[in-house]
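What follows is one structure encoded as structure tokens, with my remarks underneath.
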Amino acid sequence: MKKKLKEMMEYVWIRIRIGFQAFLLKRDRGESHVITVIAMCVIGVALVLVLSAALKPVILSLCSDLEEKITSMFQGL
């Protein structure tokens with residue numbers, strides 16, 4: 001009797017786990033995709049911030065060089 005009760009309890013436990021996993025699969029149709037897109041956006045913003053901070057001196061030096069060239073062009077007129 002104990003063995004049969006134990007087997008029945010194991011069967012019920014397995015059915016509950018399978019049902020819960022099926023529920024999670026039904027519920028998670030598009031949520032994981034949304035979470036992935038949000039994570040990619042956060043990573044993209046972080047990369048833009050890091051690259052803009054790292055490249056700021058290069059951009060400033062290029063702009064100042066161009067400014068000097070444009071100023072010298074107009075001074076020659």
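Since the structure is predicted, the reported quantities are computational estimates derived from the model, not experimental observations. The basis for the numbers below is simple: all heavy atoms, side chains too, and nothing from hydrogens, waters or symmetry mates. Numbering of residues begins at 1 and proceeds along the displayed sequence.
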| Members other than L66 in its cluster, when Ile, Leu, Val, Met, Phe, Trp, Tyr link by side-chain heavy atoms under 4.5 Å? | none

| Partners passing side-chain contact (heavy atoms from CB on, under 4.5 Å) against T71 (at least two apart in sequence or in another chain) | E67, Q75

| field | Hydrophobic cluster (4.5 angstrom, side-chain heavy atoms) - remaining members for L55 | value | I59

| field | Test applied, side-chain contact (heavy atoms from CB on, under 4.5 Å); reference residue, V45; option that passes from I43, L47, V48, L49 | value | L49

| query | Quick one: CD on E68 to SG on C63, what's the gap to the nearest 0.5 Å? | reply | 11.5 Å

| task | Could you work out the complete set of other residues in the hydrophobic cluster of V50, with links drawn between I, L, V, M, F, W and Y side chains under 4.5 Å apart? | result | none

| query | In the hydrophobic clustering (ILVMFWY, side-chain contacts below 4.5 Å, transitive), which residues join V58, or is it alone? | reply | L62

